[in-house]
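Heads up: the structure comes next, in structure tokens.
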Protein chains: 2
Amino acid sequence: MTKWIYNFGDGKAEGNAEMKNLLGGKGANLAEMSALGIPVPPGFTITTDVCNHFTANDDTYPDDLSAGVDAAMASMEKTLGATFGGSDQPLLVSVRSGARASMPGMMDTVLNLGLNDETVEALAKVSGDERFAYDSYRRFIQMYGDVVLGVDHSIFEDILEDHKLRLDVNLDTDLTADQWKIIVDDYKREIESELGRPFPQDPTEQLWGAISAVFGSWLNNRATVYRSLHNIPADWGTAVNIQAMVFGNMGEDCATGVCFSRNPATGENHFYGEYLINAQGEDVVAGIRTPQPLTIAEKATQGADMPAMEEVMPVVFQELCDVRDKLEAHYKDMQDMEFTVQQNKLWMLQTRGGKRTAKASLNIALDMESEGLINKREAIMRVDPNQLGQLLHPMLDPDAPRDVIGRGLPASPGAATGKIVFSSKDAEIWTGNGESVILVRTETSPEDISGMHVSEGVLTSRGGMTSHAAVVARGMGKPCVSGAGTLHVDHHAKTMAAQGRVFAEGDVITLDGTSGEIMAGTVPTIQPELTGAFADLMEWVDEVRTLGVRTNAETPLDAATARKFGAEGIGLSRTEHMFFDPKRIVHVREMILAKDQTARRIAVDKLLPYQREDFVELFDIMKGLPVTIRLLDPPLHEFIPHGDDQMQDVADAAGVTLAALRERADELYEVNPMLGHRGCRLGLTYPEIYEMQARAIFEAAAEIAKRGDTAHPEIMIPLIISRPEFDVFKVMVDDMAKQVMAETGTDLTYMVGTMVELPRACIQAGDIAQSAEFFSFGTNDLTQTCFGFSRDDAGSFLDEYYRRGVLTDDPFVTIDQDGVGELVRMGVERGRAARPGMKMGICGEHGGDPASIHFCQDVGLDYVSCSPYRVPVAKLAAAQAALLAADD
Amino acid sequence: MTKWIYNFGDGKAEGNAEMKNLLGGKGANLAEMSALGIPVPPGFTITTDVCNHFTANDDTYPDDLSAGVDAAMASMEKTLGATFGGSDQPLLVSVRSGARASMPGMMDTVLNLGLNDETVEALAKVSGDERFAYDSYRRFIQMYGDVVLGVDHSIFEDILEDHKLRLDVNLDTDLTADQWKIIVDDYKREIESELGRPFPQDPTEQLWGAISAVFGSWLNNRATVYRSLHNIPADWGTAVNIQAMVFGNMGEDCATGVCFSRNPATGENHFYGEYLINAQGEDVVAGIRTPQPLTIAEKATQGADMPAMEEVMPVVFQELCDVRDKLEAHYKDMQDMEFTVQQNKLWMLQTRGGKRTAKASLNIALDMESEGLINKREAIMRVDPNQLGQLLHPMLDPDAPRDVIGRGLPASPGAATGKIVFSSKDAEIWTGNGESVILVRTETSPEDISGMHVSEGVLTSRGGMTSHAAVVARGMGKPCVSGAGTLHVDHHAKTMAAQGRVFAEGDVITLDGTSGEIMAGTVPTIQPELTGAFADLMEWVDEVRTLGVRTNAETPLDAATARKFGAEGIGLSRTEHMFFDPKRIVHVREMILAKDQTARRIAVDKLLPYQREDFVELFDIMKGLPVTIRLLDPPLHEFIPHGDDQMQDVADAAGVTLAALRERADELYEVNPMLGHRGCRLGLTYPEIYEMQARAIFEAAAEIAKRGDTAHPEIMIPLIISRPEFDVFKVMVDDMAKQVMAETGTDLTYMVGTMVELPRACIQAGDIAQSAEFFSFGTNDLTQTCFGFSRDDAGSFLDEYYRRGVLTDDPFVTIDQDGVGELVRMGVERGRAARPGMKMGICGEHGGDPASIHFCQDVGLDYVSCSPYRVPVAKLAAAQAALLAADD
């Protein structure tokens, strides 16, 4: 005979954690906790086999199920000394779904089942709280009405709202027992009028109704769509868990609380938590009464007046301490537990890995390793790389008050305070006068680079997580909030309107780049600690990981920061960022405005000494480590300003008329600049630019060589589509290297490779690799072209994609393995087939994203490259990826 | 002993056409002609083996080669009764390269070799033309100096230019023998000063110099790059062809001429050609003397005065007729031949397939089939599909005078004459008054559709072959010249400046969309003939082809035109084109400006009756044939005008302020609209639009069904990236179909599929095909994203790509098989693996391009879809592709 039912509770169980397929995730975990000897409220799980039987047989059950449920209910009654439907000590139960895989919010739950007009009175009596009893009853009717009987929940909400209006009451908690009674009557009447039959009073009828509703919910629309999106087969089915409800509000020998096995804020190994005597869980959350510390030590730390649980209920407290030890030892992680004490009997309602701050996460992992609870491998796996990033930037003091005036995307972590300015030029003027500024723009463009450099932080009202502002700010390790759509920025008037308040140039604001909050005034910050546990973890990480970690950097400051964080070279140096310095931009514009190649060459040659100096500095800082330099990439119109005033300035500086400048700007205008005249297409039409850059690189390397050091430039040609196209530049670079070596009498080593950032480059990778010596995958652009998503414009529809579940992650943040990833894999495989052992890396924003780094490990890249402040994050993610790969 | 040398000439040869590997293409063909008994000037080929020996052995030759060359030269002297270096009857030769594969312009040629200070006098004497002799000598020195001696050719050009300036002479032909002698002296002096040794007077030294130069040119830079681009192995080598020069200017028993075996303009089977007595080939070309007809019949037709060759040289003429018959019978195609008569001896210099007009091409192919010279298969293969397109549009009378004022791209074939207007609105006003107009714009956008519809033709100063103007005009079968960059269009002043002349609104111009020419005034046209040979060919084509041919059409006119040309359904109906009608655009803008979904739905519902009527008309015309309808695709900002005046009009019509309209336009602004909020992304964020369209389609189909006919709508969702995304629309469309069927009591058949136009869709094709019932490859957008080329912007750099040989074809015209093609192949294979036999087509511009159609056949598509006027072109290309595929 098939076993349909598995009992658990109060320290024993028929199932265990291994039986997820049969009992579902929740059922298996309840069984596991019980089997550990933890006092779990008793109950039983109806298996997923029953679900399959139910769906296969027109919503009917196996013949022997009914008797099994009766027996299991009887066993619960016995354990608790309560009776299902009893008018003295009523047994109430919860009915919950629980599938093999977690499907949050997708299926249904019913609580307080067993309440009816009689048992509600009994509950009032045993709890001594009539208000609580009737509130519970109306909640049950509402939930059951919605989930089991199919009455629209808005009907109940409307009734409740009408009564509150009538009674002039704001909060549910202000309603009295008598008022709830009236609402309960109205609920029941409404159900009867909707369904033509009364709300069921028989608890057994209630129970079977709820069980059928849960099994039925397995095939509802929401669940079906969810399964299709997450590839969950329909025949897995769901289990149903029926568990006794326990109450912490039945007198002074009752209590309820929440506790953490260690301090979730600091990670210290102290038992930490709060409780309330004679209360139910909701009271802790609702904030009507102030919860008290669990331990005497904590009470002292907080200077609390009321007694700790350790004092009031010493026996139960000791039991709770034992549970804490048992659960932490079993799960080998800090636990977040909920408990209820009913008449001096401890019941554990839930345990799960506890959420913690970055600092706590780090400390707990390292402490547990030194305690022998986990090994180094596990400690490395325990720290969330994304969270680690928080530790690297100054943080706002979490306890300081915040005058929040808006919210945008947490584009680049860290905190920044300063006076607001509305242009890059103003940022430079104000900081020149010793002020700290926040640059506020609708969106930024490359001409804002110098302004961003001098600012404490950047705020934009448009653009997403990978907008120009976001990418550059992360690169600089500068806090940035982007896409704060509720702000109205008026560059002309130099004002910013937020929530009805207007902020002018010079007003002080604070940005929290970690949360996306924007605050008026100054909020105090806390500096990061990069020693101790952090340093230890980084040491372990470096022992384990196989992926290299480089940085995206072009300024000496960025390069030096990245070295401090342990970057193993530069994976992307965007040379165009070097062109925006005021001394250089003049020549850049002269080059753009040149009438012919001769004039253009003259302008370009003026840039040579600057570029050479740039590379000397980078090679110096990166002594001996590889430095990947991407030749000029953006379309030339990015170097010409748009505003009338600025255009006049530029025209004057370049010695041309405003009309001539405008004409040139019109010529350069593009409908889709992302797919336009940029990358190596510039190098093809204006060869003198790339020639100058190649010369600057080799002359810089020669200078380093003459000092007796070595530079390792890796020259990267952007936006390549084919081998013949690449060869044009390979020949040019090799020729230039020969020339410079001959001129300087040095012997230089270098590589010439390409940024693989177009679908065609991935397809043609085998051919391109015949000539290219390395590949660096530019997954930002590859994502744009693979999806046909402009990262500057996708914000207008991506939210709808997430809302509908069509996309789960932002493909600009986490690499899309099924599309972009397949192109990368194609590029790697074809490239290495043509050139065995070919060096390959990634330099898109994905290089700093942990989930994407796992993909990079999996696909066999040699290194990832990310912004300087992401280097430790990437290293940790790489170590985790290496450990997981070793498991396979 | 290896045979290094193969002789040919005067009706016999040691080689033949099969020996291309050894003799190169030219050598093998010369041998073939000789072996046919054709009187070819004698000569010999030095094999490609010698080339390989030469490159492998430090530019030296096999020991026995020298003796072989001497013997071959002696044999030529004997045949011609001339002496190499002789002062009586001098033998002159040409030295040419000739590789296995044609490498046009890549290697070197020397003519008139054997001339020196002595033989030039002999040549003057035998030809009786001293000027000719010294002109030949200076040409030889110049060519030999450049090719063999490495003296920069610009040096010779400068000397010649100086003399012409000094003598105040414009044309080379105006220089006298004495003047040429001075120039020859200057040339020789310059060479001596450059090289430190005199120009070689020894003909044998000259000969070996030239041979070595040709073999050496095999490894020069140009040739190496060319081979790398065309995958030609270096070890194929080149042959060297040495052939006697013959002269048609040695007296009245000499002549030269060009002839076609049939009339190349009409295709009539008449011998056709021109000749000159006592002249050399150049005289025919230079136009100094007027060539005369070959035949008496032709002389009569032309009303010429001078005697025909048939009269003057009846014997030689008969020989030429025999050659004509022999060559046409051998090559089974109309031949274009060059001949020279030297002292009553006929020499054939060249024969090749003759260029011909579209009409001639068609007639010749069908005539040759009925003559039994070729079979149907060969006849089908003979007609160039691209050329066939010329026959479908009215053409400008080739004999009418043309006042050409500019030139652009031949974007859409055919001729058009009309008064110029500068806006779509003006086009409608003028045509409303009964005028024929040409719409002149900088570039067009979807709001110009209605104006394009009423115009005779379209002229733009920007945009390429696949610009909006070009694509839409081809769709409408309307002549279009695009990207005429030398025009200056001033929309405000309503003028167009061209070559210093200014044309105002109302001035008449004529466009030749087949050549790209723009002419002032009216040029008479000729109407196409679609019967006779054309109809016969189309019948044969339909028997042979396996690919279906559909059309891209949204208007009843386009659909009917396509049916007339035999389209087998609609492959792409772009519903947005239906939105620009003045009655509708108001509601479209109301929809765009709606404040919320309710208001938007009200606006959208007003469009429903119009859309339904559109589809009823299309279904009616396409009775029973499938009609693929693409739901709304372009970004909404395309429906809002840009000009201030127009914006005010729109604001007034929509009942909003100009400021509100501007704000909405700003909200809709996109940096890269091609990668923005368009396609199914609109359907996701504004579901009411797609719902309305689906309803309109089904209501129209129901209307057709009620009449007892059947509609076959294929609903196409654009810009899909994944199956979950597609499913959103599949569910919506299926629901709508059910609703409409229930409402109308009809039973409708339909399919729901997707346009595969993003790399990710190709990658995910297997998954998408689980839900999608058909695929239509949108290779326009796929090309844009695969290459990262915006078709609106790529014009600024693509020319440089062609110039450098990095790209050979415009990927927007002919599908890029190595990149885009691989994505299509992936999509086909993965889609069919998931859904065997899945219906697949192509609806990008490539669907009408013959080269791309071969790819479509190869990759296994079911049909191509193209603009109405391309349907016969596509059918012919499809038939050719099917015949070639059957060969494999």
Side-chain angles (χ1 to χ4, degrees), chain A residues 225 228-229 443 635 667-679 681-682 684-685 719 721-725 727-728 757-764 767 781-782 784-794 796-801 804-807 816 818-823 826, chain B residues 225 228-229 443 635 667-679 681-682 684-685 719 721-725 727-728 757-764 767 781-782 784-794 796-801 804-807 816 818-823 826:
Chain A
V225 169
S228 136
L229 282 174
E443 48 196 335
E667 268 174 35
L668 292 174
Y669 165 79
E670 294 187 310
V671 179
N672 296 293
M674 157 66 204
L675 308 175
H677 195 169
R678 50 171 289 236
R681 300 160 196 176
L682 290 172
L684 205 74
T685 49
L719 221 66
I721 55 165
S722 71
R723 179 182 171 191
E725 187 190 43
D727 280 342
V728 170
E757 51 187 332
L758 290 171
R760 198 176 195 282
C762 297
I763 296 167
Q764 285 291 307
D767 208 33
D781 279 5
L782 202 52
Q784 296 197 80
T785 45
C786 180
F787 278 89
F789 283 175
S790 161
R791 70 181 192 187
D792 293 310
D793 304 309
S796 64
F797 54 83
L798 278 183
D799 279 346
E800 191 64 19
Y801 273 74
R804 297 271 202 136
V806 173
L807 282 176
D816 158 49
D818 298 335
V820 177
E822 193 165 331
L823 287 173
M826 183 189 287
Chain B
V225 169
S228 139
L229 281 175
E443 49 197 332
E667 268 174 35
L668 292 175
Y669 165 80
E670 294 188 308
V671 180
N672 296 293
M674 156 66 203
L675 308 175
H677 194 168
R678 50 170 288 234
R681 299 160 196 175
L682 290 172
L684 206 72
T685 49
L719 220 65
I721 56 166
S722 71
R723 179 182 171 193
E725 188 190 44
D727 280 341
V728 169
E757 52 187 332
L758 291 171
R760 199 176 194 280
C762 298
I763 296 167
Q764 284 291 306
D767 208 31
D781 279 6
L782 202 53
Q784 296 197 78
T785 45
C786 181
F787 278 89
F789 282 176
S790 161
R791 69 179 192 188
D792 294 310
D793 304 309
S796 63
F797 54 83
L798 277 183
D799 280 347
E800 191 64 20
Y801 273 74
R804 298 270 202 133
V806 173
L807 281 177
D816 158 51
D818 297 336
V820 177
E822 193 164 333
L823 288 173
M826 183 189 287

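These numbers come from a predicted model, not from an experiment. Per chain, numbering begins at 1; letters A, B, ... match sequence-line order.
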Considering all heavy atoms of both residues, which atom of I721(A) and which atom of Y801(B) are nearest to each other, and what is their separation?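 Scanning both residues, the minimum pair turns out to be CD1-CE2, 4.3 Å.
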Indicate yes or no: at least one non-hydrogen side-chain atom of M826(B) is less than 4.5 angstrom from one of M826(A).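 The answer is yes; the side chains approach within 4.5 Å.
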Is the shortest heavy-atom distance from the side chain of R760(B) to the side chain of D816(A) under 4.5 Å?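 Side chain of R760(B) against side chain of D816(A), heavy atoms only: contact under 4.5 Å found.
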Start with the C-alpha distance between L675(B) and L675(A), add both sets of side-chain angles, then the distance that settles side-chain contact (heavy atoms from CB on, under 4.5 Å), and finish with yes or no. CA-CA 9 Å; L675(B) 308 175; L675(A) 308 175; 4.2 Å; yes
Ignoring hydrogens and geometry, is there a side-chain-to-backbone donor-acceptor pair from [X] to [Y] under 3.5 Å?
{"X": "D792(A)", "Y": "V671(B)", "result": "no"}
{"X": "D793(A)", "Y": "E670(B)", "result": "no"}
{"X": "Q764(A)", "Y": "D818(B)", "result": "yes"}

Working to the nearest 0.5 angstrom, can you tell me the gap between [X] [atom1] and [Y] [atom2]?
{"X": "F797(A)", "Y": "H677(B)", "atom1": "CZ", "atom2": "NE2", "answer": "7.0 Å"}
{"X": "F789(A)", "Y": "R681(B)", "atom1": "CZ", "atom2": "CZ", "answer": "4.5 Å"}
{"X": "L807(A)", "Y": "E725(B)", "atom1": "CG", "atom2": "CD", "answer": "7.5 Å"}
{"X": "D799(A)", "Y": "L684(B)", "atom1": "CG", "atom2": "CG", "answer": "11.5 Å"}

Given N672(B), I763(B), T785(B), L798(B), the one with more heavy-atom pairs under 4.5 angstrom with chain A than any other is N672(B)
Contact origin within D781(A) toward chain B - heavy atom pairs under 4.5 Å: neither
Need one label for S722(A): side chain, backbone, both or neither, based on atoms under 4.5 Å from any heavy atom in chain B.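 When you check distances to chain B, only side chain atoms of S722(A) fall under 4.5 Å.
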